[in-house]
There are 2 protein chains.
Amino acid sequence: MLQVEEALNTLKSWLTENRLKYTHQRKLITEVFFDPAYRETHPSVEELYLRVRERDRKVGYATVYRTLKILTDCGLANPNRLGDNQTRYEPEIPGEHHDHLVCSECGAVFEFEEEEIERLQHAVARRFGFTLDDHKMVLYGSPGEICELAACQRHGTTPPHATTIELD
Amino acid sequence: MLQVEEALNTLKSWLTENRLKYTHQRKLITEVFFDPAYRETHPSVEELYLRVRERDRKVGYATVYRTLKILTDCGLANPNRLGDNQTRYEPEIPGEHHDHLVCSECGAVFEFEEEEIERLQHAVARRFGFTLDDHKMVLYGSPGEICELAACQRHGTTPPHATTIELD
DNA sequence: CTGAGTGCAAAGCCTTTGCACCGTT
DNA sequence: AACGGTGCAAAGGCTTTGCACTCAG
């Protein structure tokens, strides 16, 4: 719940700074997006739209698109392409960056952090005379036969992840 | 020219294996795609289509899409999303993988290789019990004021890269 | 009040598909 | 000759936009 409040505060401040309005819809969409129960689901716009509609039938599709754009602009949402040709969003928690590993077979999405890769990415940017602003990285992998760790759905283990996408 | 021939041979074998046909269009599109003069331009389908049309006016848009799909399937083309909401393709040279760094300001695209990052990506996949099949990584960076190295167009240096995209 | 925001439907993009004709095998 | 390929135009997804109405500040 805490993070929902923080997100709403961030949103509110950002809107005020930009002379935009803190509307019922923007608040609702942000609440749903940051709902702890859905935090790791990497929803597409449509998926989020459907969840929002469960709470308020009158919210329009376009509003969800527009709000997600705002959330992205104020650093609260992170758009990603994981491989199913849709833009998927995830709530951005300050200081909590992670990247994704997608199972080539079933589309299960796993999150991971790898400080050393991030460091090297900064180094690469620096090598070109740039300061790293952002990056997108997605790994695609196949679970081995004798794999104990892979929690890939198709292999029967309980998934520690919350999303499964349909790869092309 | 060598790589064009190699690509055509690879394509031809693959088509034969799959009982598909080695048509005039597929040959032409592949030749244009692997043309040394354009090798690093990361063309979108439309850009490639336009180039192909310079050599044969009758080639259709759909054929370029279909052929690029084939080239991707037989490992000769690599689709990428660099940040301008288009799929851009680059010729795949065996053993020559690289990733991209995009200038946040002007959209200039730079290619780089970083063995250590690749190694760590394999390690991450392994940690989850997966074998790494593929990955997508794009870095976004800003050129510094006092930057000598950044060959970002907007900053007046000769670009060592061949593509500039329009970021959203 | 006033201008930004919303919902709806229409329009835009990029990409795929159906179909009749064409060309490789 | 047989069957996959091609070109064209139409249709599909996802996303954005125009517009009249609504509501936050």
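Chain letters run A, B, ... following the sequence lines, proteins first, then strands; residues in each count from 1.
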Problem set entry | Listed partners of A:Glu114 passing salt bridge (Lys or Arg N to Asp or Glu O under 4.0 Å), at least two apart | B:Arg127

Exercise. Is it true that the side chains of B:Glu113 and B:His98 contain a donor and an acceptor less than 3.5 Å apart?
Worked result: no

Exercise. Hey, can you pull the residues of residues 23-33 of chain B with a non-hydrogen atom under 4.0 angstrom from DNA chain D?
Worked result: B:Thr23, B:Gln25, B:Arg26

Exercise. Any side-chain heavy atom of A:Lys136 within less than 4.5 Å of one from B:Met137?
Worked result: no

Problem set entry | Derivation of the side chain to side chain donor-acceptor pair (under 3.5 Å) call for B:Asn78 and B:Glu92 | CA-CA 6 Å; B:Asn78 206 312; B:Glu92 185 127 301; 2.4 Å; yes

Problem set entry | Whichever of B:Gly60 and B:Arg19 has its nearest DNA chain D nucleotide further upstream toward 5' | B:Arg19

Problem set entry | Spacing of B:Ile70 atom CD1 relative to D:dG5 atom P, expressed in whole Å | 6 Å

Exercise. Can you check the A:Tyr22 OH to C:dG3 P distance for me, whole Å?
Worked result: 25 Å

Problem set entry | Nearest-Å distance for atom pair CG/P, residues A:Asp84 and C:dT15 | 15 Å

For this session: Provide, to the nearest angstrom, the distance between the CG atom belonging to A:Asp56 and the P atom belonging to D:dT22.
Result: 16 Å

Exercise. Under the salt bridge (charged side-chain N to carboxylate O under 4.0 Å, His left out) rule, what pairs show up with a residue in residues 75-88 of chain B, not counting sequence neighbours?
Worked result: B:Glu47-B:Arg88, B:Asp84-B:Arg88

For this session: To the nearest Å, give me how far apart NZ (A:Lys58) and C1' (D:dC23) are.
Result: 13 Å

Problem set entry | Sequence neighbours excluded - side-chain hydrogen bond (donor to acceptor under 3.5 Å, both in side chains) pairs with any residue from residues 11-21 of chain B | none

Using atom names, set out every protein N or O paired with an N or O of nucleotides 21-23 of chain C below 3.5 Å, distance rounded to 0.1 Å.
from, atom 1, to, atom 2, distance (Å)
C:dG23, N2, B:Lys21, NZ, 2.6

For this session: With sequence neighbours left out, write down each residue that passes side-chain contact (heavy atoms from CB on, under 4.5 Å) with A:Leu50, or none if nothing qualifies.
Result: A:Glu46

Problem set entry | Spacing between A:Lys12 atom NZ and D:dA24 atom P, to the nearest angstrom | 12 Å

Exercise. Under the side-chain hydrogen bond (donor to acceptor under 3.5 Å, both in side chains) rule, what pairs show up with a residue in residues 25-35 of chain A, not counting sequence neighbours?
Worked result: A:Lys27-A:Glu31

Seminar exercise, completed: Applied to residues 51-74 of chain B, the side-chain hydrogen bond (donor to acceptor under 3.5 Å, both in side chains) test, sequence neighbours excluded, yields B:His24-B:Asp56, B:Thr41-B:Arg51, B:Tyr49-B:Arg53

Exercise. What string of B, S and - do you get for nucleotides 11-18 of chain D, 5' to 3', if B is base contact, S is sugar-phosphate-only contact and - is no contact with any protein heavy atom under 4.0 Å?
Worked result: ---SBBBB

For this session: Report yes or no: do A:Gln86 and A:His42 form a side-chain donor-acceptor pair below 3.5 Å?
Result: no

Exercise. Is any side-chain heavy atom of A:Val109 less than 4.5 Å from a side-chain heavy atom of A:Leu82?
Worked result: yes

For this session: Name all residues meeting the side-chain contact (heavy atoms from CB on, under 4.5 Å) criterion together with B:Glu96; count only those two or more places apart in sequence or in a different chain, and write none if there are none.
Result: B:Gln3, B:Ile93

Exercise. Do A:His100 and A:Leu139 touch side chain to side chain, with heavy atoms closer than 4.5 Å?
Worked result: no

Problem set entry | Spacing of B:Glu17 atom CD relative to C:dT25 atom P, expressed in whole Å | 15 Å

Exercise. Using Watson-Crick and G-U wobble pairs whose two distances are both under 3.5 Å, how do you write the pairing of DNA chain C as dot-bracket, with | for links to another strand?
Worked result: |||||||||||||||||||||||||

Exercise. Rounded to the Å, how far apart are A:Tyr49 OH and C:dT6 P?
Worked result: 14 Å

Side-chain donor-acceptor distances from residues 128-135 of chain A under 3.5 Å, at least two apart:
from, atom 1, to, atom 2, distance (Å)
A:Asp133, OD1, B:Ser142, OG, 3.1
A:Asp133, OD2, B:Ser104, OG, 2.5
A:Asp133, OD2, B:Ser142, N, 3.3
A:Asp133, OD2, B:Ser142, OG, 2.6
A:His135, ND1, A:Gln121, OE1, 3.1
A:His135, NE2, A:His97, NE2, 3.1
A:His135, NE2, A:Asp99, OD1, 3.0
A:His135, NE2, A:Asp99, OD2, 3.1

